[in-house]
Number of protein chains: 2
Amino acid sequence: MAKATAPKTRRGIERRAKILAAAETVMGEQGFPAASIADITREAGTALGTFYIYFSNKEEIFRELVLEMGKVTRKMVAEAIADAPDRLAAERAGLAAFLNFVAKRPALYRIVEEARFVDPEAYQRYFTSFGDAYAAQLRAAEAKGEISPGDADIRAWALMGMAKALGDRYVIWDDVPDIDRVVNEAHRLICRGLVPDAAG
Amino acid sequence: MAKATAPKTRRGIERRAKILAAAETVMGEQGFPAASIADITREAGTALGTFYIYFSNKEEIFRELVLEMGKVTRKMVAEAIADAPDRLAAERAGLAAFLNFVAKRPALYRIVEEARFVDPEAYQRYFTSFGDAYAAQLRAAEAKGEISPGDADIRAWALMGMAKALGDRYVIWDDVPDIDRVVNEAHRLICRGLVPDAAG
DNA sequence: TTCAAACATGAACCGGTGTTCATGTAACCC
DNA sequence: GGGTTACATGAACACCGGTTCATGTTTGAA
């Protein structure tokens, strides 16, 4: 396994980026096992051997994709909730942003989920870092009295799980997803839970 | 691809069952791509070729595992919530049962999740049938006034997602999971959501 | 006991793919 | 413009695993 070194010329930087983008496309469509290096380099318009100039093996490029997507997703959600007036509004905005992200880049979403099997550590890191940030926000909101007290970590994971499942069912599997409706209904559940109103 | 026919003798029935059980073990541990037919037949104590007497190919046995587990899981949850006095109690019992099931049979849980990539249709059927049953229960509870009104399907999927995420984080990834604590906290979220108490 | 159908075996077949390498070409610095 | 480093190429290598098949053994009904 040769050590892939970082590119040092403009051409090298471009080639590496092209191969990474091709891997995102091919692995996102076909999945990790079915995506061959030959497929990836063909999509990138380079020779097979070029791959090994920039990446030491197939799993390394996959891990880099997962890492990159972690950054993209966190940044996207952070921006989406940046000017929410309070935590409950942030929950709505974050969920909406996530579902729209899944709709726009299903390949990325697939790659992250596949990491559970291809590179469990990367998968765990991805969600742990997301969950930690989420829980910190919940703690801050609790301190401000914007939400009720409770275990922030458990809540964070529960809410992430909700978002993932809704993304599967109502974005990935639906032909014409009505994201707003899903967000509205889910947000009511997040805010008030299942108990009937005292008035009812 | 030869057509694998159903076994007709006692020996045949036993062999087939042994191979299926071996597949559950090996695929649950190593995952679908890494689990070779040779691994499976070795674990089953049979010759390689015997596999193809009972299953036409590797994906077929995987699909059968997913199907079988769908039945097991649904039955298990149904029994767990059978004598819950109302829907909110059923939510607690069902979540606890699911998390304990994940703790007891992590290999089965892994196989179901891997079906997302190996056999997407089987995966979708698994969760759709689960989700349909869940939603029906929520509708019945809503009619009885046990829970607030809302879209039962969306709620069902949101709640399934919560359970899955909590299973990942607090059962699969934790060394010494404290399932009761997770159930308690999650149940409060399910019941009351995040909004602060009116009294607070 | 007999015999046809069912089952068991594992070596061989077959296609595929991750990785390497010897040979060549382009980029950049002095 | 010469030379060193960086990069590009694709055929060849090495290995692996799903599937088949010809040959044998067991089963169970008559």
Side-chain angles (χ1 to χ4, degrees), chain A residues 1-27 29-65 111 114-115 117-119, chain B residues 1-65 111 114 117-119:
Chain A
M1 188 152 74
K3 54 251 132 215
T5 150
K8 287 171 177 157
T9 78
R10 175 198 300 275
R11 183 179 52 150
I13 291 167
E14 281 166 3
R15 274 275 200 266
R16 188 181 197 281
K18 235 177 186 176
I19 292 172
L20 193 63
E24 180 183 320
T25 300
V26 175
M27 287 179 164
E29 275 171 9
Q30 312 190 20
F32 180 85
S36 70
I37 308 296
D39 289 337
I40 292 170
T41 51
R42 195 178 312 121
E43 172 82 21
T46 73
L48 214 179
T50 307
F51 180 92
Y52 289 92
I53 296 172
Y54 301 110
F55 303 95
S56 359
N57 55 52
K58 195 181 170 184
E59 297 201 358
E60 187 180 293
I61 196 172
F62 183 85
R63 181 176 311 125
E64 185 159 333
L65 280 179
I111 287 171
E114 197 165 13
F117 303 104
V118 175
D119 188 339
Chain B
M1 187 151 77
K3 53 257 138 207
T5 148
K8 288 173 176 156
T9 77
R10 175 197 299 275
R11 182 178 53 150
I13 291 167
E14 280 167 3
R15 274 276 199 266
R16 188 181 197 282
K18 236 180 185 173
I19 292 172
L20 193 64
E24 179 183 321
T25 301
V26 174
M27 287 179 165
E29 275 171 9
Q30 313 190 19
F32 180 86
S36 70
I37 308 295
D39 289 336
I40 293 170
T41 50
R42 195 179 312 121
E43 171 82 21
T46 72
L48 214 180
T50 307
F51 180 92
Y52 289 92
I53 296 172
Y54 301 110
F55 303 95
S56 0
N57 55 52
K58 196 181 171 185
E59 297 200 358
E60 187 180 294
I61 196 172
F62 183 85
R63 180 175 313 125
E64 184 158 334
L65 281 179
I111 287 171
E114 198 166 12
F117 302 104
V118 175
D119 189 339

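Labels below follow one simple rule: chain letters A, B, ... track the order of the sequence lines, proteins then strands, and each chain is numbered from 1.
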Inset, instruction - Kindly write out the residues that satisfy side chain to side chain donor-acceptor pair (under 3.5 Å) with B:Glu64, not counting sequence neighbours, or none if the list is empty. - result: B:Arg16
Legend entry - Distance, rounded to the nearest Å, where A:Ile61 contributes CD1 and C:dT19 contributes C1': 15 Å
Legend entry - Pairing residues for A:Ile53 by the side chain to side chain contact (heavy atoms under 4.5 Å, CB included) criterion, not counting sequence neighbours: A:Thr50
Inset, instruction - Output yes when at least one side-chain N/O atom of B:Thr46 is less than 4.0 Å from OP1 or OP2 of C:dA8, else no. - result: no
Legend entry - Point-to-point distance, once rounded to the nearest 0.5 Å, from CZ of B:Phe32 to CD of B:Glu114: 8.0 Å
Inset, instruction - Enter the distance from B:Ile40:CD1 to B:Ile19:CD1 here, rounded to the nearest 0.5 Å. - result: 9.0 Å
Inset, instruction - In whole angstrom, give the distance that lies between atom CZ of B:Phe62 and atom C1' of D:dG18. - result: 17 Å
Legend entry - Bend angle of the helix from C:dT1-D:dA30 to C:dC30-D:dG1, end axes from five pairs each (to 10°): 20°
Inset, instruction - Looking only at side-chain atoms of B:Tyr52, point me to the closest of C:dT19, D:dT19, C:dT9. - result: D:dT19
Inset, instruction - Measure the CD1-CG distance between A:Ile61 and A:Leu20 for me, rounded to the nearest 0.5 Å. - result: 5.0 Å
Inset, instruction - Calculate, to the nearest 0.5 Å, the distance between atoms CG and CZ belonging to B:Asn57 and B:Arg63 respectively. - result: 7.5 Å
Legend entry - Pairs where residues 31-45 of chain A contributes a residue and the test salt bridge (Lys or Arg N to Asp or Glu O under 4.0 Å) is met, not counting sequence neighbours: A:Asp39-A:Arg42
Legend entry - Whichever of A:Gly49 and A:Thr5 has its nearest DNA chain D nucleotide further upstream toward 5': A:Thr5
Legend entry - Distance, rounded to the nearest Å, where B:Leu48 contributes CG and D:dA22 contributes C1': 16 Å
Inset, instruction - With a 4.0 Å heavy-atom cut-off, tell me which residues in residues 6-24 of chain B come close to DNA chain C, sorted by residue number. - result: B:Pro7, B:Lys8, B:Thr9, B:Arg11, B:Arg15
Legend entry - Interatomic spacing from CD in B:Glu60 to OH in B:Tyr52 - rounded to 0.5 Å: 10.5 Å
Inset, instruction - Using atom CZ of A:Arg42 as one end and atom P of D:dG10 as the other, report the distance to the nearest whole Å. - result: 12 Å
Inset, instruction - Starting at atom NZ of A:Lys58, determine the distance to atom P of C:dT20, rounded to an integer number of angstrom. - result: 15 Å
Legend entry - Between C1' of D:dT9 and OH of A:Tyr54, the distance in whole Å: 12 Å
Legend entry - For atom CD1 of B:Ile37 and atom P of C:dC13, their distance in whole Å: 20 Å
Inset, instruction - From the options D:dA11, C:dT17, D:dA8, select the nucleotide whose nearest atom is closest to the side chain of A:Ser36. - result: C:dT17
Legend entry - Nearest-Å distance for atom pair CD1/P, residues A:Ile53 and D:dT9: 8 Å
Inset, instruction - Report which part of the nucleic acid B:Ala35 touches: base, sugar-phosphate, or nothing (heavy-atom distance under 4.0 Å, all strands). - result: sugar-phosphate
Legend entry - Qualifying salt bridge (Lys or Arg N to Asp or Glu O under 4.0 Å) pairs with a residue from residues 17-30 of chain B, counting only residues at least two apart or across chains: B:Glu24-B:Arg105
